[in-house]
Amino acid sequence: MLPSLRALVTIALSAALAGCVTVNSTTTVFHNITKPETFSIRPTAPISESLEAKSYADLIAQKLIENGWSKSDKAATDVQFAYSIDNGHQEIDSVPVFGQTGGGTTYSSGTVYGGGGFGTYSGTSYTPPTFGIVGASTYSYSVYTRKLMVWIDEKSTKKRIYEATVVSRGSSSSFNVVARCMIDALFKDFPGKSGQTTKISADGNKCVVNETKS
């Protein structure tokens with residue numbers, strides 16, 4: 001019975017972890033935007049020819065259009081962006097270990113002394129088992145820092161009117177896995193209050209931009 005309980009607990013924990021993946025992003029914005037503009041968009045070197053980067057450019061452009069901006073061949077502003085992910089570092093955490101904490105079958109034996117001599121006895125007793133946390137197990141995991149940076153310059157004056165950085169940390173070493181959530185965080189209340197840092201949480205199951213099938 002005990003192995004079955006442990007198996008159920010393991011399955012339950014795995015299901016819970018799989019169902020509550022959250023991407024937390026921190027966005028910092030500085031700008032002096034006063035109204036929507038026409039724009040062109042491009043990733044910076046060395047990712048300017050990357051097909052992955054171009055897919056993110058399409059998503060950023062769509063977000064700008066949703067906020068009243070217009071994409072144009074004769075744009076008034078130049079939107080540039082870059083993204084990065086580090087090599088990660090190790091962190092340590094712990095999880096509870098579940099097991100039997102009491103009850104079950106008890107074996108007993110002994111000797112009884114009396115006025116007529118002595119005798120021996122043996123027997124068993126049973127109480128329902130109880131289960132709970134009996135300890136903890138530690139494990140290590142990798143944490144990666146993902147960054148998305150966006151700049152907007154006026155083409156006529158070369159003056160910068162917007163710059164933003166989105167930072168997210170988590171277990172995925174692929175930017176694509178969290179890209180949509182980070183871009184959504186960037187455009188939360190766009191253009192936002194200049195100088196403000198905002199924290200946004202999103203469902204990690206909805207973050208992938210380019211879904212690959214194996």
Side-chain angles (χ1 to χ4, degrees), residues 17-18 20-33 37 39-67 69 71 75 77-93 139-155 158-214:
L17 289 173
C20 63
V21 177
T22 301
V23 174
N24 298 309
S25 299
T26 301
T27 304
T28 303
V29 175
F30 295 91
H31 75 90
N32 55 9
I33 293 175
E37 299 281 1
F39 72 94
S40 61
I41 184 168
R42 59 191 174 95
T44 61
I47 59 171
S48 57
E49 299 302 318
S50 165
L51 294 178
E52 179 183 1
K54 289 178 180 178
S55 71
Y56 303 149
D58 291 341
L59 191 54
I60 293 171
Q62 182 59 42
K63 288 293 184 180
L64 285 168
I65 291 169
E66 290 174 5
N67 281 276
W69 292 52
K71 195 172 183 180
T77 63
D78 177 29
V79 179
Q80 302 177 59
F81 72 94
Y83 57 92
S84 65
I85 188 164
D86 69 5
N87 294 323
H89 66 275
Q90 292 294 304
E91 293 192 3
I92 297 176
D93 206 341
Y139 65 96
S140 63
Y141 58 97
S142 297
V143 175
Y144 299 88
T145 299
R146 294 83 55 126
K147 290 184 179 181
L148 170 66
M149 295 145 285
V150 177
W151 309 273
I152 303 178
D153 296 336
E154 289 182 341
K155 286 190 174 182
K158 306 300 181 182
K159 180 181 178 181
R160 180 147 299 172
I161 60 173
Y162 179 89
E163 59 184 38
T165 302
V166 186
V167 179
S168 174
R169 294 180 176 87
S171 60
S172 177
S173 60
S174 169
F175 186 84
N176 180 61
V177 171
V178 297
R180 185 179 297 275
C181 286
M182 293 182 69
I183 293 171
D184 285 348
L186 174 67
F187 283 94
K188 180 72 172 177
D189 300 324
F190 178 84
K193 183 178 180 181
S194 184
Q196 181 171 284
T197 296
T198 306
K199 295 182 179 180
I200 302 291
S201 296
D203 181 356
N205 296 314
K206 300 178 180 179
C207 289
V208 179
V209 174
N210 304 295
E211 194 166 351
T212 57
K213 297 182 179 180
S214 57

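Both backbone and side-chain heavy atoms feed into the values below; hydrogens, waters and symmetry mates do not.
- Annotation: salt bridge (Lys or Arg N to Asp or Glu O under 4.0 Å) contacts of Asp78 (sequence neighbours excluded): Arg42.
- Scanning both residues, Ala82 and Thr44, for their nearest heavy atoms gives CB-OG1, 3.4 Å.
- In this structure Ser40 satisfies the side chain to side chain donor-acceptor pair (under 3.5 Å) test together with Lys155, sequence neighbours excluded.
- Once rounded to the nearest 0.5 Å, the distance linking OH of Tyr162 with CH2 of Trp151 reads 12.0 Å.
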- Message: Test side chain to side chain contact (heavy atoms under 4.5 Å, CB included) on Phe39 and Ile65; report intermediate values, then the result.
- Response: CA-CA 10 Å; Phe39 72 94; Ile65 291 169; 4.2 Å; yes
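- Using a 4.5 Å heavy-atom threshold, the side chains of Phe81 and Leu186 count as separate.
- Closest heavy-atom contact between Pro191 and Ile33: CB-CD1, 4.2 Å.
- Side-chain N or O atoms of Arg146 include one that pairs as donor or acceptor with a backbone N or O of Ser172 at under 3.5 Å.
- Residue Ser194 comes nearest to Phe30 through the heavy atom pair OG-CA, 3.5 Å, listed as atom of the first residue, atom of the second, then distance.
- For Asn24, the side chain to side chain donor-acceptor pair (under 3.5 Å) criterion is met by Ser201, not counting sequence neighbours.
- With values rounded to the nearest 0.5 angstrom, Ile200 atom CD1 is found 13.0 Å from Thr22 atom OG1.
- Judged as a ring-ring contact (aromatic ring centres under 6.0 Å, His included), and not counting sequence neighbours, the contacts of Phe175 are Tyr56, Tyr83.
- Here Thr145 contributes atom OG1 and His89 contributes atom NE2; the two are 6.5 Å apart, rounded to the nearest 0.5 Å.
- Separating the OG atom in Ser25 from the NZ atom in Lys147 is a distance of 13.5 Å, to the nearest 0.5 Å.
- No side-chain heavy atom of Met149 sits under 4.5 Å from any side-chain heavy atom of Gln80.
- Atom CG of Asn87 sits in a sparse spot, with 12 or fewer heavy atoms from other residues, nucleotides or ligands closer than 6.0 Å.
- Atom NZ of Lys193 has 12 or fewer neighbouring heavy atoms from other residues, nucleotides or ligands inside a 6.0 Å radius.
- Rounding to the nearest 0.5 angstrom, the gap separating the CD1 atom in Ile60 from the NZ atom in Lys63 is 11.0 Å.
- For Asp153, the salt bridge (Lys or Arg N to Asp or Glu O under 4.0 Å) test picks out Arg160, with sequence neighbours left out.
- With rounding to the nearest 0.5 Å, the separation of OG1 in Thr77 from CD1 in Ile41 is 9.5 Å.
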- Step by step, would you call Ile152 with Trp69 a side chain to side chain contact (heavy atoms under 4.5 Å, CB included)? CA-CA 12 Å; Ile152 303 178; Trp69 292 52; 4.1 Å; yes
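- Taking the side chain to side chain donor-acceptor pair (under 3.5 Å) definition, one finds that Ser142 meets it with Gln90, sequence neighbours left out.
- Scanning all heavy atoms of the two residues, the minimum distance from Val23 to Ser168 falls at CG1-OG, 3.6 Å.
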